[in-house]
Engineer: 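This structure is in structure tokens; I'll ask about it shortly.
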Amino acid sequence: MNDFWIILVGALVAGSCSVLGCFLIVRKMTLIGDAISHSVLPGIVLAFLLTGTRDSVPMLVGAAALGLLTVFLIQLFQSSGVQADAAIGIVFTSLFAAGIVLVSLYTQQIDFDLEHVLYGEIAYTPWNTLTIGGIEAGPKAVWIVGSCFILNLILIFVFFKQFKLVSFDPALAAAMGIPVLLFHYVLMSLISMTTVASFDSVGSILVVGMLIIPAATAYLLSDRLSGMIKVSIVVGVLSSVIGYYSATILDASISGCMVGSAASLFCLAFLFSPTHGLVSRLLKRRKSKERYA
Amino acid sequence: MNLLDIMTDPNTRWILLGTMFLGLSSGVIGSFAYLRKQSLLGDTLAHAALPGICIAFMLTGVKSTSFFLIGAALAGLAAVFLISVLTRYSKIKQDAALGIVLSSFFGFGIVMLTQIQQSEYGNQSGLDTFLFGQTASMVMSDVYMMMAVSFILIFTCTLFFKEFKLLSFDPGFAKGMGLPVVFLDYFIMMLIVAAVVIGIQAVGVVLMASLLITPAVSARYWTERLHIMVILSGIFGMLSGVSGTLISTSVNNLPTGPLIVLSATAWFFFSLLFAPKRGVLSSVWRRVSLKKNHSLEQERRKGRYTS
Amino acid sequence: MEQAALKVEDLTIAYHKKPVVEDVSFEVPEGNLIGIIGPNGAGKSTLIKGILELVPKLSGDITIKGATYKSMRKSIGYVPQRESVDWDFPTNALDVVMMGRYGHLGWLKRPGKSEKQKAMECLDKVGMAEYANRQISQLSGGQQQRIFLARALAQEADIYFMDEPFVGVDAATEKAIIQLLMDLKEKGKTVLVVHHDLSTVKEYFDWTMLLNKRLMKIGPTQEVFIPEYLQETYGGRLAILPDTKSGLLLK
Ligand SMILES: Nc1ncnc2c1ncn2[C@@H]1O[C@H](COP(=O)(O)OP(=O)(O)OP(=O)(O)O)[C@@H](O)[C@H]1O
Ligand SMILES: [Mg+2]
């Protein structure tokens with residue numbers, strides 16, 4: 001049963017991340033997930049200091065607030081003329097540094113395991129269960145990440161045409177009266193929410209990996225945005241299943257192995273994708289050379 | 001401790017020297033990274049160092065800084081190679097390539113780390129200080145190493161200034177002029193690897209990116225000339241290193257790495273607000289006065305029209 | 001007098017210090033093909049972006065058929081300069097053209113059969129029907145330009161803004177496109193086109209706007225497109241050969 005829960009949580013994280021990751025890839029803002037997953041640290045610490053509990057609700061709220069602040073600051077610096085990636089870098093390193101300073105200032109009061117917060121392990125999720133009215137309702141993580149997944153799917157599905165146009169041609173979208181900035185912030189809020197909700201249970205490396213790698217794989221396999229999203233979900237879920245079993249064989253970090261499997265699937269796509277793969281393109285070129293030789 | 005104590009404490013003096021050179025050299029090389037839109041390369045390379053360090057530990061079985069540095073450097077080179085392969089041979093863009101390499105290398109690194117923890121190598125502590133950095137653990141030989149690498153970095157940047165400038169500005173044109181663009185490309189990235197490798201020990205994996213980005217962006221606010229920007233960026237980096245170290249030694253218990261980063265951020269905010277021409281205050285002021293002038297002029301014209 | 005299709009009053013736009021478009025006021029009547037002419041950096045793209053509220057303006061009022069810009073959004077079509085989007089975006093030609101319909105769909109409705117049919121018609125009009133399912137990165141520059149045009153047609157607007165639609169387009173296609181624009185004009189639509197090729201201005205446009213930061217002249221082409229005004233607009237940098245060009249100009 002524990003196997004099932006872990007794989008399910010992994011698959012849900014992979015699914016919710018890869019849907020959003022597709023938009024990050026086409027908008028060339030891939031590293032924003034990495035940034036958010038680091039810059040929420042001071043939010044978590046502050047929530048902990050204020051409430052004095054390790055309860056996940058205040059932490060989620062604190063982290064989500066910092067996630068939005070991150071996005072806001074990045075946007076602000078970018079509009080004042082800083083390159084996008086540099087703006088991302090400045091914001092997340094500063095906030096993360098502030099978080100570490102906070103931790104060390106209050107190190108006496110709190111027993112704060114920095115590594116756990118950042119590199120949490122998916123292996124423990126089955127034991128942290130949710131009980132509603134005395135009934136065991138499965139691991140908490142399943143509920144939290146699962147609701148994220150569903151919310152992401154619904155919003156992306158309902159506003160697909162807006163998200164697509166805003167990513168492809170923001171000028172036309174703005175001229176048509178679509179609120180470009182609003183959709184930017186909605187997407188970014190979904191990303192902060194997903195990042196925050198997932199990494200408490202599975203660790204930030206899995207979140208960051210799943211935001212980027214399955215979507216990039218799908219980018220090489222599909223020529224349509226809608227298809228790309230579907231493929232990326234499949235790739236994400238597949239990597240969490242493969243990752244789990246390779247972790248049990250290797251007796252190693254499950255999150256790490258899930259990311260590792262995603263990376264291996266990406267390599268396969270990079271080499272053998274029928275349209276964009278390196279090998280298939282070389283083969284095609286050789287064939288046409290032979291024909292005209 | 002007051003300032004005098006700090007200055008006379010030999011250990012602190014070494015650390016101060018080390019962070020100063022680190023800030024200087026990463027500021028200089030960071031400005032080229034910024035102009036080439038590769039700011040987050042430092043972040044990627046720092047994360048990519050983890051598997052390198054793990055492999056170095058697994059092979060040698062000892063916790064030695066020099067082996068770790070070699071491992072980190074080799075992993076960094078592998079990462080650089082992969083990034084350039086990904087962007088060159090597929091439609092994957094730079095930012096995605098950085099993200100892919102970052103998360104896969106770090107994922108594999110975590111797998112190795114858990115392997116090490118579970119195997120007979122036993123106590124792996126010392127590996128994870130690399131994640132968050134530990135300036136206090138720097139010893140004299142580390143500082144010598146930093147200084148040596150910094151000198152090489154700055155010297156090379158001065159020597160190849162012209163080439164780097166052209167490459168950052170217009171690679172296509174540089175190629176047309178017969179410059180070995182691919183080689184120079186790798187060369188700059190190798191210099192960034194070097195800066196990252198010496199920086200990780202002081203500020204850690206996550207914060208290393210800051211030393212390369214923040215001084216460069218701050219410097220960009222003050223000038224439109226590349227050589228001035230490079231010099232300024234070095235100065236900002238150096239100032240951040242020095243002020244971060246001083247604050248952390250004078251206030252008990254505060255880690256040096258994050259304070260260096262926060263000092264760099266403070267310089268950034270200073271530039272963002274107060275830089276002439278590009279700064280926020282001056283551009284707000286300009287916009288307001290422009291609007292005022294404009295409406296004044298319109299009034300005047302309307303007045304003339306009616307009278 | 002009939003209502004103006006587009007009325008611009010006192011439009012001024014600045015990016016940094018100096019305004020790049022200053023005190024521009026004009027009116028264009030409905031059913032005209034209008035060429036916007038001026039040297040590089042004259043502010044032609046900026047003028048269009050300002051009218052479409054894509055860049056903030058220092059001052060200026062835009063009225064379209066007597067109503068405000070915001071209320072008339074659906075009846076405005078826009079063809080941006082081709083470099084403004086990422087052609088590696090995972091989508092095909094038909095899909096891009098369908099994007100032109102989004103403005104008419106409202107917030108929640110999804111594009112369906114009728115949109116698809118409309119998009120196919122527009123693709124056909126620009127002669128790109130056979131490329132409908134082609135990934136957009138695999139189209140040539142001129143073909144990409146035609147896709148943008150088809151998308152604008154799909155918008156079914158009353159007034160069109162096109163930023164250099166003829167860049168990288170071969171002569172035959174250019175003629176086909178201009179024919180298309182003439183058809184639009186016949187249907188009473190107004191089309192503003194940023195154009196660089198002075199030799200074809202007389203042939204293509206009913207009206208000409210000469211712009212160099214300020215509005216130099218606007219009006220029927222035969223009145224405005226004369227060497228004197230052109231020299232003024234281009235700051236005397238224009239070499240008009242007496243026999244060929246001016247012959248053409250004064251014809
Ligand atoms: N985003 C921007 N930020 C600052 N200045 C800008 C920006 N875009 C344009 N400019 C400046 O505004 C002026 C007008 O530019 P614009 O693009 O409107 O010219 P154009 O007439 O379309 O030229 P071209 O024929 O080359 O397309 C130029 O001097 C340009 O330098
Ligand atoms: Mg233009």
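The sequence lines fix the lettering, A, B, ..., with proteins before strands; numbering per chain opens at 1.
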Engineer: Please round to the nearest 0.5 Å and tell me the distance separating atom CG of B:L207 and atom CZ of A:F92.
Structural biologist: 8.0 Å
Engineer: Would you mind checking which part of B:Q38 comes under 4.5 Å of any heavy atom in chain A, side chain (CB onward), backbone (N, CA, C, O), both or neither?
Structural biologist: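 Backbone of B:Q38 only, per the 4.5 Å heavy-atom cut-off to chain A.
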Engineer: Atom CD1 in A:I212, atom CD1 in B:I100: separation rounded to 0.5 Å?
Structural biologist: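 Between atom CD1 of A:I212 and atom CD1 of B:I100 there are 7.5 Å.
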Engineer: Look at atom CH2 of B:W222 and say whether more than 12 heavy atoms of other residues, nucleotides or ligands are closer to it than 6.0 Å.
Structural biologist: yes
Engineer: Please report the shortest heavy-atom distance between B:I110 and A:S253, naming the atom on each side.
Structural biologist: CG2-OG, 3.4 Å
Engineer: Heavy-atom cut-off 4.5 Å, strictly under: side chain, backbone, both or neither for A:F270 against chain B?
Structural biologist: side chain
Engineer: So, do B:S104 and A:I213 sit near enough that their side-chain heavy atoms are less than 4.5 Å apart?
Structural biologist: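 Yes, at least one pair of side-chain atoms sits under 4.5 Å.
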Engineer: Is it the backbone or the side chain of B:V85 that comes under 4.5 Å from a heavy atom of chain A, or both, or neither?
Structural biologist: both
Engineer: Stepwise, does the side chain to side chain contact (heavy atoms under 4.5 Å, CB included) test hold for A:V82 with B:Y221?
Structural biologist: CA-CA 9 Å; A:V82 181; B:Y221 275 98; 3.3 Å; yes
Engineer: Evaluate the side chain to side chain contact (heavy atoms under 4.5 Å, CB included) criterion for residues B:F106 and A:D34: first the C-alpha distance (whole Å), next the side-chain angles of each, then the deciding distance (0.1 Å), finally the verdict.
Structural biologist: CA-CA 12 Å; B:F106 202 68; A:D34 179 42; over 6 Å; no
Engineer: Identify which of A:L31, A:L206, A:I88 forms the greatest number of heavy-atom pairs closer than 4.5 Å to chain B.
Structural biologist: A:L31
Engineer: A:F77 vs B:L272, test: side chain to side chain contact (heavy atoms under 4.5 Å, CB included). Steps then yes/no.
Structural biologist: CA-CA 9 Å; A:F77 293 156; B:L272 174 77; 3.8 Å; yes
Engineer: Side chain, backbone, both or neither: which part of A:D251 has a heavy atom under 4.5 Å from chain B?
Structural biologist: both
Engineer: To the nearest 0.5 Å, what is the distance between CG (A:L220) and CD1 (B:I92)?
Structural biologist: 4.0 Å
Engineer: State the CD-CG distance between A:Q83 and B:L40, to the nearest 0.5 angstrom.
Structural biologist: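 Reported to 0.5 Å precision, the distance equals 10.0 Å.
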Engineer: Go through the atoms of A:M29 and report whether side chain, backbone, both or neither lie under 4.5 Å from a heavy atom of chain B.
Structural biologist: backbone
Engineer: Nearest heavy-atom pair of A:I25 and B:A96: which atoms, and what distance?
Structural biologist: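 For A:I25 versus B:A96, the nearest heavy atoms are CD1-CB, 4.0 Å.
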Engineer: Could you go through B:V206 and A:T93, starting from their C-alpha distance and side-chain angles, then the distance that decides it, and tell me whether this counts as side chain to side chain contact (heavy atoms under 4.5 Å, CB included)?
Structural biologist: CA-CA 7 Å; B:V206 184; A:T93 51; 5.8 Å; no
Engineer: If I measure from the heavy atoms of chain A, does B:F105 come under 4.5 Å with its side chain, its backbone, both, or neither?
Structural biologist: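 Neither part, no heavy atoms under 4.5 Å.
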Engineer: Provide the closest heavy-atom pair for A:I205 versus B:S103 in the form atom of the first, atom of the second, distance.
Structural biologist: CD1-O, 3.8 Å
Engineer: For A:K284, does the NZ atom sit with more than 12 other heavy atoms under 6.0 Å from it, leaving out its own atoms?
Structural biologist: yes
Engineer: Report the option among B:V101, B:L259, B:L86 that has the most heavy-atom pairs separated by less than 4.5 Å from atoms of chain A.
Structural biologist: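 Greatest number of close heavy-atom pairs with chain A: B:L86.
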Engineer: Can you classify the ring geometry of B:H47 versus A:H38 as parallel (below 30°), tilted (30 to 60°) or perpendicular (above 60°)?
Structural biologist: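 Judged by the thresholds at 30° and 60°, the geometry between B:H47 and A:H38 is tilted.
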Engineer: Count the heavy atoms of every other residue, nucleotide or ligand shown that sit under 6.0 Å from NZ of A:K28, and state whether that count exceeds 12.
Structural biologist: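 It does: A:K28 NZ has more than 12 such atoms within range.
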Engineer: Between A:L24, A:V101, A:V91, A:L211, which has the largest tally of heavy atom pairs under 4.5 Å with chain B?
Structural biologist: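 Most heavy-atom pairs under 4.5 Å with chain B: A:V101.
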Engineer: In terms of heavy-atom proximity below 4.5 Å to chain A, should B:Y89 be classed as side chain, backbone, both, or neither?
Structural biologist: both
Engineer: Which bit of B:K37 is near chain A, if near means a heavy-atom gap under 4.5 Å: side chain, backbone, both or neither?
Structural biologist: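 The answer is both parts of B:K37.
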Engineer: Rounded to the nearest 0.5 Å, what's the gap from CD1 on A:I90 to OG1 on B:T214? Could you check?
Structural biologist: 4.5 Å
Engineer: Give the minimum heavy-atom separation between A:V259 and B:G107, together with the two atoms involved.
Structural biologist: CG1-CA, 4.2 Å
Engineer: Which heavy-atom pair separates B:T265 from A:S94 by the least distance, and what is that distance?
Structural biologist: OG1-OG, 2.9 Å
Engineer: In terms of heavy-atom pairs under 4.5 Å with chain A, which of B:T44, B:L98, B:L102, B:L212 leads?
Structural biologist: B:L102
Engineer: Of all the heavy-atom pairs spanning B:V111 and A:G256, show the shortest one and how long it is.
Structural biologist: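 Between these two residues, the closest heavy atoms are CG2-C, 3.4 Å.
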